[in-house]
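Residue numbers begin at 1 in each chain, while the letters A, B, ... track the order of the sequences.
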Amino acid sequence: MTTVRIPAGWPATDDQARAVQDELRGKVVLDETGPPPGTGHVTGVDVAYDDERDVVAAAAVVLDAATLDVVAEATAIGRISFPYVPGLLAFREIPTVLAALDALPCDPGLVVCDGYGLAHPRRFGLASHLGVLTGLPTIGVAKNPFTFTYDEPDTPRGSATPLHAATASGTEEVGRALRTRAGVKPVFVSVGHRVSLDNACAHTLALTPAYRVPESTRRADALCRRALREAAG
DNA sequence: GCGACAG
DNA sequence: ATCTTGTCGC
């Protein structure tokens with residue numbers, strides 16, 4: 001476990017945070033396919049909070065993409081760096097997540113985030129932000145549709161429909177509602193950095209042989225909760 | 001102006 | 001995210 005400080009110059013207001021997103025958005029790489037599913041490493045990252053005690057715990061769990069076995073894991077503890085504001089989630093999670101990733105003894109490979117990438121009010125969600133800061137290929141797999149709309153995918157696992165964002169001129173496809181378990185609420189996949197949407201969905205399916213949510217984020221979720229307990233609660 | 005809104 | 005008991009089911 002490592003301890004982190006809030007970076008100097010970290011945004012203090014919503015306006016400052018939005019300005020950072022507008023500035024970094026141009027650095028997102030969208031013309032790469034990303035690593036093939038089932039090869040190399042896939043890393044899940046997640047964060048747990050104790051707002052009362054001002055503690056945040058992050059975890060990064062590296063899986064072998066072929067077997068989904070845990071290869072390595074790391075945690076980090078920090079102070080809460082930003083309140084939860086829809087559209088500004090990254091500023092609350094990133095400092096501690098970066099520290100957890102840095103503490104890993106091996107290459108993370110593809111990073112799977114618990115949230116959105118391109119599917120974001122300014123097209124720069126947590127997965128995009130983390131990708132730009134690390135240079136790693138990233139995708140976002142969220143459990144809720146946020147402000148976006150979608151048609152219900154067909155019942156079978158693997159079925160998908162477009163995730164739409166409302167724009168001034170109409171609608172824009174920002175991701176996909178993907179059924180990872182037959183007849184169960186879909187997850188919402190979007191591109192982060194250096195990965196195509198098709199590949200992001202293929203990875204998500206490879207990571208969900210048994211549960212709706214990717215094995216990577218399930219592992220990271222359990223680990224960061226444990227780290228938070230041991231650090232605070 | 002009011003409500004909704006990833007985690 | 002987090003607060004929280006039991007309960008139905010494999």
Sequence-aligned protein contact record of nucleotides 1-7 of chain B, with B where the base is within under 4.0 Å of a protein heavy atom and S where only the sugar-phosphate is: ----BBB
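A cation-pi arrangement is present between A/Arg92 and A/Tyr49, with the terminal nitrogen or guanidinium carbon under 6.0 Å from the aromatic centre and inside a 45° cone about the axis.
Side-chain atoms of A/His41 come within 3.5 Å of backbone N or O of A/Asp107 as a donor-acceptor pair. Of the possible polar contacts, one joining the A/Asp54 side chain to the A/Ile80 backbone as a donor-acceptor pair under 3.5 Å is found. Using modelled atom types, no side-chain atom of A/Thr96 and backbone atom of A/Glu93 make a donor-acceptor pair closer than 3.5 Å. Side-chain atoms of A/Asp46 do not come within 3.5 Å of backbone N or O of A/Ala60 as any donor-acceptor pair.
Between A/Phe148 and A/Tyr116, the ring planes are perpendicular. Angles over 60° get that label, and only those under 30° would be called parallel. The aromatic rings of A/Phe91 and A/Phe82 are tilted relative to each other, their planes meeting at an angle between 30° and 60°.
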Pair assignment for DNA chain B - dot-bracket with | for other-strand partners, Watson-Crick or G-U under 3.5 Å: .......
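With the 3.5 Å cutoff on both pairing distances, Watson-Crick and G-U pairs in DNA chain C never assemble into a run of at least 3.
Of the residues listed (A/Arg218, A/Arg157, A/His203), the one engaging A/Thr208 in a side-chain contact (heavy atoms from CB on, under 4.5 Å) is A/Arg157, and it is the only one.
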Steps toward side chain to side chain contact (heavy atoms under 4.5 Å, CB included) verdict (A/Val71, A/Leu63): CA-CA 5 Å; A/Val71 170; A/Leu63 305 183; 5.8 Å; no
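The aromatic ring centroids of A/Phe124 and A/His129 lie less than 6.0 Å from each other.
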